[in-house]
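Just so we're on the same page: letters track the sequence lines, and every chain starts at 1.
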There are 2 protein chains.
Amino acid sequence: MFGHIDPRVAEFCPIRDVMALASDKWSILIILYLGYYPILRFNQLKKYVFGISNKVLSERLKNLEADGYIVRELFPEVPIRVEYSLTDFGHSYLEKLIELTEWVNNYSDVIIENRKTYKKK
Amino acid sequence: MFGHIDPRVAEFCPIRDVMALASDKWSILIILYLGYYPILRFNQLKKYVFGISNKVLSERLKNLEADGYIVRELFPEVPIRVEYSLTDFGHSYLEKLIELTEWVNNYSDVIIENRKTYKKK
DNA sequence: CGGCATCCGAGTAGATACTG
DNA sequence: CAGTATCTACTCGGATGCCG
């Protein structure tokens with residue numbers, strides 16, 4: 001219909017639930033980093049995803065793994081090594097995220113300017 | 001670079017801030033509904049965006065207006081009438097959101113299935 | 001190294017009542 | 001009708017310490 005999705009559909013399908021994770025700010029950054037660096041370990045991710053805590057990072061990783069965006073591979077060495085990477089499914093989502101962030105990158109100046117103008121009123 | 005955006009950019013630009021609003025679950029639904037029904041009043045939005053409270057709805061509307069996604073037009077009739085609609089900028093973002101939700105719609109079954117499989121482990 | 005358990009504080013959402 | 005005000009409840013994030 002006019003190229004518009006009917007948002008009413010959203011109420012009757014798990015889209016909200018799925019989007020809640022998929023559009024989470026930390027999850028987005030994790031996926032973007034795994035798109036850029038194909039394989040990352042826990043502490044590497046923690047360094048790149050600046051400001052994230054252990055707790056939140058491990059929570060998000062677990063959820064992203066549960067939903068099938070990423071895989072977790074454990075190497076039982078000493079010290080232990082764990083590698084995270086995107087699944088094919090995750091790559092598919094990554095493409096969408098990249099488009100979204102490119103849009104935001106292109107327009108963030110506009111938004112900042114809008115906010116200033118709005119405050120003046 | 002391989003068609004991948006460098007997520008490190010995200011740390012030095014307001015992308016996180018912008019995304020926080022733009023990717024908020026309620027904001028997404030508001031924008032999608034305004035894409036589907038070009039003009040909506042406060043209580044219409046409240047009905048469509050099922051489950052949202054007065055407080056959160058008015059907060060999101062104010063923020064979306066401040067960032068330039070929507071416009072608020074007040075008609076000083078009795079009873080008062082207020083109409084919300086997308087700006088050109090909002091329509092531009094709507095396109096991205098539609099792509100994203102279509103992706104989610106197409107793959108939500110996969111995700112649900114992934115979750116089930118994950119739990120069994 | 002890669003987490004998990006615990007605790008705590010802040011912010012956020014929801015319900016309700018009220019007003020121009 | 002379109003919000004605001006208020007209060008409560010609760011989730012969520014951050015910090016810390018510990019353990020395999």
Side-chain angles (χ1 to χ4, degrees), chain A residues 10-11 16-30 33-34 37-67 69-85 118 121, chain B residues 10-11 16-30 33-34 37-67 69-86 118-119 121:
Chain A
E11 295 173 15
R16 285 192 190 189
D17 186 32
V18 170
M19 287 294 291
L21 173 64
S23 75
D24 170 76
K25 130 186 150 174
W26 296 122
S27 303
I28 289 176
L29 287 170
I30 291 169
Y33 276 109
L34 285 175
Y37 305 101
I39 293 177
L40 285 174
R41 301 167 66 172
F42 188 87
N43 280 323
Q44 290 179 309
L45 273 167
K46 198 185 167 189
K47 198 170 57 186
Y48 289 131
V49 183
F50 188 74
I52 197 169
S53 67
N54 279 6
K55 186 187 165 202
V56 175
L57 178 54
S58 70
E59 280 172 2
R60 294 298 188 279
L61 287 173
K62 212 178 295 176
N63 290 335
L64 288 173
E65 190 196 0
D67 282 12
Y69 295 102
I70 65 177
V71 272
R72 175 184 188 274
E73 195 171 5
L74 182 142
F75 301 87
E77 308 166 350
V78 180
I80 199 173
R81 189 168 98 244
V82 178
E83 293 185 347
Y84 293 93
S85 55
Y118 184 79
K121 292 195 301 191
Chain B
E11 294 172 17
R16 286 192 189 189
D17 185 34
V18 170
M19 287 294 290
L21 172 65
S23 74
D24 170 77
K25 133 185 149 174
W26 296 122
S27 303
I28 289 176
L29 288 170
I30 291 169
Y33 276 109
L34 285 174
Y37 305 101
I39 293 176
L40 285 174
R41 302 169 64 172
F42 188 87
N43 280 324
Q44 289 179 308
L45 273 167
K46 196 183 168 192
K47 198 170 57 183
Y48 289 131
V49 184
F50 188 75
I52 197 168
S53 66
N54 278 6
K55 187 186 163 206
V56 175
L57 178 55
S58 71
E59 280 171 2
R60 293 298 188 280
L61 288 172
K62 216 175 293 177
N63 290 335
L64 289 172
E65 190 195 0
D67 281 13
Y69 294 103
I70 65 176
V71 272
R72 175 183 187 276
E73 196 172 4
L74 183 142
F75 301 87
E77 308 166 348
V78 179
I80 200 174
R81 189 169 97 244
V82 177
E83 293 184 346
Y84 292 93
S85 55
L86 291 178
Y118 185 79
K119 277 183 189 164
K121 292 194 302 192

TODO: Quickly work out the A/Leu61 CG to C/dG3 P distance and round it to whole Å.
DONE: 7 Å
- [ ] For B/Tyr84 and B/Leu61, indicate whether the former's side chain and the latter's backbone hold a donor-acceptor pair under 3.5 Å.
- [x] no
Task: C/dC1 OP1/OP2 closer than 4.0 Å to side-chain N/O of A/Asn43 - done: no
- [ ] Pick base, sugar-phosphate or nothing for B/Tyr84, based on heavy-atom distances below 4.0 Å to the nucleic acid.
- [x] sugar-phosphate
- [ ] Mind checking the OG-CD1 spacing from A/Ser23 to B/Ile28? Nearest 0.5 Å is all I need.
- [x] 4.5 Å
Task: Euclidean distance, atom CD of residue A/Glu77 to atom P of C/dG3 [Å, nearest integer] - done: 14 Å
- [ ] Using the closest heavy atom to pick a nucleotide of DNA chain D for each, name whichever of A/Glu59 or A/Ile80 lands nearer the 5' end.
- [x] A/Glu59
TODO: For the pair B/Tyr48 (side chain) and B/Tyr33 (backbone), establish whether a donor and an acceptor sit closer than 3.5 Å, ignoring hydrogens and angles.
DONE: no
Task: Short side-chain N/O contact from A/Arg41 to OP1 or OP2 of C/dG2, under 4.0 Å - done: yes
Task: side-chain N/O B/Arg60 vs C/dA13 OP1/OP2, d < 4.0 Å - done: yes
Open item on the list: Regarding A/Lys62, tell me which of base, sugar-phosphate or nothing describes its non-hydrogen contacts under 4.0 Å with the strands shown.
Closed with: sugar-phosphate
Task: d(CG, B/Leu57; C1', D/dT4) in whole Å - done: 13 Å
Open item on the list: Measure CD1/B/Ile39 against P/D/dC1 and give the value in whole Å, please.
Closed with: 18 Å
Open item on the list: For a quick test of reading the model, state the closest non-hydrogen atom pair linking B/Leu57 to B/Phe42 and the distance between them.
Closed with: CD2-O, 3.7 Å
- [ ] Take atom CD of B/Glu65 and atom P of D/dA2, then tell me their distance rounded to the nearest Å.
- [x] 15 Å
Open item on the list: Counting only side-chain heavy atoms from C-beta out, which of C/dC1, C/dG2, D/dA2 sits nearest to A/Pro79?
Closed with: C/dC1
Open item on the list: Expressed as a whole number of angstroms, how long is the span from A/Ile30:CD1 to C/dG2:C1'?
Closed with: 14 Å
- [ ] Kindly indicate, with the supporting measurements, whether the criterion side-chain contact (heavy atoms from CB on, under 4.5 Å) is fulfilled by A/Leu34 and A/Tyr69.
- [x] CA-CA 10 Å; A/Leu34 285 175; A/Tyr69 295 102; over 6 Å; no
TODO: May I ask you to verify if any side-chain N or O of B/Ser58 is less than 4.0 angstrom from the OP1 or OP2 atom of D/dT4?
DONE: yes
Task: Selected nucleotide, minimal atom distance to A/Lys55 side chain, candidates D/dA2, D/dT6, C/dT6 - done: C/dT6
- [ ] Take the protein atom CG of A/Asn54 and the nucleotide atom P of C/dC1, then report the distance between them rounded to whole Å.
- [x] 12 Å
Task: Gap between atoms CG and C1', on A/Asp24 and D/dC12 respectively (whole Å) - done: 11 Å
